[in-house]
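Note sheet for the following structure.
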Amino acid sequence: MPIEVAGLNKRFGNIQAVADLDFTVSPGRITGFLGPNGAGKTTTLRILLGLVKATSGTATIGGRRYQELERPLRRVGAVLEATSFHPARRARDHLRMCAIAAAIETARVDEVLELVGLGDSGQRRVGAYSLGMRQRLGLATALLGDPPVLVLDEPANGLDPQGIAWLREFLRYLASQGHTVLISSHLLAEMAQTVDDVVIIAGGRARASGPLSGLTGQVHLAMRIRTPEVDRLQGVMAAAHWTLRRLAHDLVLVEGVPAEQLGPVLARSQIVIYEMVNQSTDLESVFLSLTGPDIPAPTSAPGAPRVAGP
């Protein structure tokens, strides 16, 4: 079930929280929903989950608004915060109540506790849980109905390094099983290791969307090459109308040429290469360049991720 956001707008009085937002989250992939504080991420997620009414536009799951889904907890699992638990209630009892309310078999409770690593802690009261454990309990609640779609807001908040690594592998497993996974997060380094696609927003507007690998390569692409034949390489580059910068006696930087184009040319020219490294910009650099005060102008390329201007 894909998530589709089209022409989405939301105003709170004089504040335009979301403006003409468009993006798609595909099944079998993890999509990172990124933006600075106040960018409109939480508002968008709340509209998607039927908690806030859009001013205009649509946010649908499998082509239908959340309110139109039959047995929605079997269609969409969501974690928007990890504090909405009664502190005196035991984790297993919390899940049993949620399961009964959603007409889900209570046998599923122990299954999801084991899935999220709380199998030995289900009898503990939630008030004694750490923030990381409450995050796991929130995820267990979202998974009760075995939904094909997951919407997670800052799911790694409060997790220790082992917990973050576990979450990354768990979400990858779910995506490999065909689940649609949308994650909002500020942990850019972790998102770079987790997501397949990204949607970056700022000021309520989309700044970029598409595959992570394509986005980083589109914003800045460079190949660092170490070779004992720099002079010959310069001639080959000139013949192909490409430019390079010499960094050392045996080290050059070729910008604007992907490895898929550069490699065959070097092979045909029989140039000895000791090292060729992709120097594409990382996610943090892309994020800062797209959400800072100087937003770049729109760019486009066939088959490339969309990078939008203000």
Side-chain angles (χ1 to χ4, degrees), residues 1-12 16-35 39-81 84 95 97-105 108 111-112 115 138-155 170-185 195-201 204-206 209-211 305-306 308:
M1 296 177 66
I3 294 172
E4 295 176 311
V5 173
L8 193 65
N9 288 274
K10 178 60 183 178
R11 293 189 68 89
F12 295 100
Q16 184 79 36
V18 180
D20 299 321
L21 191 58
D22 296 279
F23 65 87
T24 299
V25 182
S26 300
R29 298 179 71 81
I30 303 174
T31 298
F33 191 35
L34 312 176
K41 302 188 303 298
T42 299
T43 298
T44 301
L45 296 183
R46 288 183 174 276
I47 293 172
L48 177 66
L49 296 172
L51 301 174
V52 173
K53 185 177 180 180
T55 302
S56 62
T58 60
T60 60
I61 300 164
R64 304 173 71 180
R65 294 187 306 161
Y66 185 87
Q67 300 93 319
E68 300 169 344
L69 296 174
E70 297 178 4
R71 306 187 72 180
L73 293 184
R74 289 186 178 272
R75 300 289 182 266
V76 184
V79 178
L80 293 188
E81 55 185 37
S84 57
L95 291 172
M97 290 180 61
C98 292
I100 292 170
I104 296 169
E105 300 80 2
R108 179 68 175 161
E111 292 178 13
V112 295
L115 275 175
L139 184 57
T141 307
L143 293 170
L144 268 175
D146 194 19
V149 177
L150 280 178
V151 178
L152 309 176
D153 190 9
E154 299 288 350
F170 185 67
L171 294 178
R172 284 178 176 168
Y173 167 75
L174 291 176
S176 73
Q177 299 301 301
H179 287 68
T180 303
V181 183
L182 176 62
I183 310 175
S184 172
S185 179
V195 304
D196 304 299
D197 305 314
V198 293
V199 177
I200 299 177
I201 69 171
R205 298 180 181 273
S209 62
R306 217 161 23 117

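- Not counting sequence neighbours, Y66 has no partner by the ring pair (Phe, Tyr, Trp, His ring centres under 6.0 Å) test.
- A donor-acceptor pair under 3.5 Å links the side-chain atoms of K41 to the main chain of G35, judged by distance alone.
- Shortest non-hydrogen contact noted between V5 and A59 is CG2-CB, 4.2 Å.
- Under the side chain to side chain donor-acceptor pair (under 3.5 Å) criterion, S184 pairs with D153, sequence neighbours left out.
- Side-chain contact between P27 and P2 is present, with at least one heavy-atom pair separated by less than 4.5 Å.
- A donor-acceptor pair under 3.5 Å is absent between the side-chain atoms of H179 and the main chain of L150, judged by distance alone.
- The salt bridge (Lys or Arg N to Asp or Glu O under 4.0 Å) check on R71 picks up nothing, with sequence neighbours excluded.
- Among all heavy-atom pairs drawn from V149 and M1, the shortest one is CG2-O, 3.5 Å.
- Annotation: side chain of D20 is not in contact with side chain of L8 (no heavy-atom distance under 4.5 Å).
- Proximity of I200 to F33: side-chain heavy atoms (C-beta onward) are nowhere separated by under 4.5 Å.
- Every residue two or more places apart in sequence or in another chain was checked for a salt bridge (Lys or Arg N to Asp or Glu O under 4.0 Å) with R75, and none qualifies.
- Looking at every heavy atom in both residues, P147 comes nearest to V76 through CB-N, 3.5 Å.
- Side-chain contact check for T31 versus V181: every heavy-atom pair is 4.5 Å or farther apart.
- Checking each of L139, D146, L143, T141 against V112 for a side-chain contact (heavy atoms from CB on, under 4.5 Å) leaves exactly one that passes, namely L143.
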For residues 44-53, which side-chain N or O atoms pair as donor and acceptor with protein atoms under 3.5 Å away, sequence neighbours left out?
unit_1	atom_1	unit_2	atom_2	d
T44	OG1	G40	O	2.8

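- Applying the side chain to side chain donor-acceptor pair (under 3.5 Å) criterion to Q16, with sequence neighbours excluded, gives N9, R11.
- For T60, the side chain to side chain contact (heavy atoms under 4.5 Å, CB included) test picks out E4, T58, R65, with sequence neighbours left out.
- More than 12 heavy atoms of other shown residues, nucleotides or ligands fall within 6.0 angstrom of atom CZ in F12.
- More than 12 non-hydrogen atoms from other residues, nucleotides or ligands lie less than 6.0 angstrom from CD of Q67.
- Between R29 and L182 the shortest side-chain heavy-atom distance does not fall below 4.5 Å.
- The shortest side-chain heavy-atom distance between S185 and E154 falls under the 4.5 Å cut-off.
- T180 has its side chain out of reach of P148: every pair of non-hydrogen atoms, C-beta onward, lies at least 4.5 Å apart.
- Nearest heavy atom pair, residue R74 against residue I104, reads NH2-CA, 3.7 Å.
- Taken from CG in L144 to CG in L95, the straight-line distance is 5.0 Å, to the nearest 0.5 Å.
- Listed here is the closest heavy atom pair of A142 and V79: CB-CG2, 3.9 Å.
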